[in-house]
There are 2 protein chains.
Amino acid sequence: MDSSSTTSGGGSARREATRQKLYEAAVTLIAEQGFSATTVDEIAERAGVAKGTVYYNFASKSVLFEELLRHGVGLLTASLREAAERTVGDGGSKVDALDAMIRAGLVFIDRYPAFTQLYVAELWRTNRAWQSTLMVVRQQAVAVVEGVLRDGVANGEFSEEIDVPLTAAALVGMVLVAALDWKSFQPERSLDDVHAALSRLLQGRVSGCR
Amino acid sequence: MDSSSTTSGGGSARREATRQKLYEAAVTLIAEQGFSATTVDEIAERAGVAKGTVYYNFASKSVLFEELLRHGVGLLTASLREAAERTVGDGGSKVDALDAMIRAGLVFIDRYPAFTQLYVAELWRTNRAWQSTLMVVRQQAVAVVEGVLRDGVANGEFSEEIDVPLTAAALVGMVLVAALDWKSFQPERSLDDVHAALSRLLQGRVSGCR
DNA sequence: ACATTTGAACTGACTGGTCAGTGCAAAAGT
DNA sequence: ACTTTTGCACTGACCAGTCAGTTCAAATGT
């Protein structure tokens with residue numbers, strides 16, 4: 001368990017540290033400027049590392065980006081899945097599960113705003129090498145929501161009329177855009193504020209029931 | 001009103017036609033690849049025009065893009081405003097007004113998917129020259145929704161607890177993301193399908209009332 | 001204790017290609 | 001007559017990716 005010893009997985013501690021620095025530098029720069037407008041020199045400089053080091057650690061600029069995507073996506077899905085499971089599957093209501101996932105999404109975006117920004121900017125592009133990586137991620141995230149919705153329908157808790165895939169996508173979008181807007185245009189709001197507003201929208205207390 | 005006559009603004013009909021061709025070529029290419037990854041040669045080729053013509057009509061690649069943005073944005077705001085006005089202000093319920101705006105949004109995205117894609121990809125970027133242009137558009141769109149929400153609250157139709165700016169942003173995001181998802185991942189669905197699903201979500205018939 | 005070797009990690013100057021933007025004479029359109 | 005477009009050669013900046021050489025910590029030798 002000694003963290004400085006040669007651990008399994010082939011990556012030395014030093015190497016892992018530089019990769020991490022490169023991820024952090026790349027994610028903010030690409031979120032700000034986009035992939036093509038960001039140069040490898042910039043990434044290296046911001047990471048405090050020589051350009052050659054980038055290529056020692058990653059086969060190419062695209063590969064760096066793809067691994068960065070996978071890295072961030074792992075964090076997101078883990079976070080979502082954990083939230084769905086925390087609100088115990090069969091005991092609690094499914095609305096509560098959705099609500100918990102909304103909060104998990106907000107917490108994630110709060111912690112990794114640059115990654116989210118970058119993700120949204122690249123998701124709907126076509127003809128890009130890493131398209132499939134992005135789709136996989138999207139599918140994982142949406143699938144968790146879809147699962148909860150389906151359970152709720154089977155449950156009788158949700159109407160049978162709802163279109164599960166479309167509704168799941170809309171919910172994800174709602175959280176995504178509301179959160180990006182929050183971070184960009186009203187950063188002073190608290191997470192609880194934003195969560196409360198979305199929660200109310202979800203539960204139809206805006207217009208549905210009186 | 002003769003469209004072929006020398007209209008105001010100094011642009012001849014021929015010139016206007018090439019500018020239009022360049023807009024159309026640029027919008028799809030930039031939506032697919034992003035601004036930096038799209039070359040002027042590509043744009044010229046797709047528009048069926050010589051490279052020199054691009055520079056005869058626009059001062060630079062960035063200027064072309066900025067004017068393209070302004071052009072598309074004009075279409076969007078006109079479309080939204082028209083939708084808001086069509087559902088007469090005081091007579092109908094505000095939910096209906098929201099519903100009509102959702103449909104207007106979907107129709108717009110259906111007609112100009114590339115522009116929407118490009119818009120979303122660029123909106124949350126920082127440190128870009130055309131940021132302010134994009135923000136203005138966002139503000140206009142969200143403001144229309146906010147107005148309807150506020151009217152509904154004054155009306156008694158919506159709960160007084162709702163957070164107007166946040167809810168407006170969330171609604172816009174819901175439509176935006178659901179529509180982009182529709183176009184990218186389930187293009188066979190009809191507009192009515194998508195509209196119905198979003199409508200149901202809006203009216204809280206997913207989870208709210210039993 | 002100290003010297004020597006090893007090799008993974010890192011460096012930064014350099015290369016080859018790409019691309020925004022220019023210049024201009026001839027052609028086409030109105 | 002004039003505006004607009006064409007075609008194409010050219011420049012200069014910029015940038016992804018390479019590679020010969022350096023650093024340093026741990027392993028090995030004495």
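Per the geometry, NZ belonging to B:K21 stands 10 Å off C1' belonging to D:dT5, to the nearest Å. D:dC8 atom P lies 14 Å from atom CD of B:E45, rounded to whole Å. The separation between A:E42 atom CD and D:dC14 atom P is 12 Å, rounded to whole Å. Spacing between atom CD1 of A:I43 and atom C1' of D:dG17 amounts to 13 Å, rounded to whole angstrom units. The interatomic distance linking B:K61 (NZ) with C:dG21 (C1') rounds to 12 Å, in whole Å. Here the P atom of nucleotide D:dC15 and the CZ atom of A:F35 are 13 Å apart, to the nearest Å. Between the C1' atom of C:dG21 and the CG atom of B:L64 lies a distance of 14 Å, rounded to the nearest Å. For A:E16 and C:dA8, the CD to C1' distance is 15 Å, given to the nearest whole Å.
The phosphate of D:dT4 has OP1 or OP2 within less than 4.0 Å of a side-chain N or O from B:Y56. Look at B:T39 and you won't find any side-chain N or O under 4.0 angstrom from OP1 or OP2 of C:dT18. Side-chain nitrogen and oxygen atoms of A:T18 include at least one within less than 4.0 Å of the OP1 or OP2 phosphate oxygen of C:dC10. For the OP1/OP2 pair of C:dA9 and a distance below 4.0 Å, the side-chain nitrogens and oxygens of A:S12 include at least one atom meeting the criterion.
Considering every non-hydrogen atom in both B:Y55 and B:V40, the closest pair reads OH-CG2, 3.6 Å.
Residue A:S62 is out of contact with every strand shown, counting any heavy-atom pair closer than 4.0 Å. Using a 4.0 Å heavy-atom criterion, one finds that A:V54 contacts no nucleic acid atom at all. Residue-level contact check: A:T38 touches the backbone only, with heavy atoms under 4.0 Å from sugar-phosphate atoms and none from bases.
Between B:Y112 and B:F108, the two ring planes are tilted [angle within 30° to 60°].
Remark on DNA chain C: of its neighbouring residues B:Y55 and B:R14, the 5'-side contact belongs to B:Y55, judged by nearest-heavy-atom nucleotide.
Relative to the ring axis of A:F35, A:K61 places its NZ or CZ within 45° and under 6.0 Å from the centre.
With contacts defined as side-chain heavy-atom distances shorter than 4.5 Å, the pair A:V49/A:K21 qualifies.
With D:dT6, C:dT11, D:dC15 as the choices, the nucleotide that has an atom nearest any side-chain atom of A:V49 turns out to be C:dT11.
B:K51 contributes no side-chain N or O that forms a donor-acceptor pair with the base of D:dG7 under 3.5 Å.
Considering B:V107, B:L106, B:V175 in turn, B:L106 is the only one that fulfils the side-chain contact (heavy atoms from CB on, under 4.5 Å) rule with B:H195.
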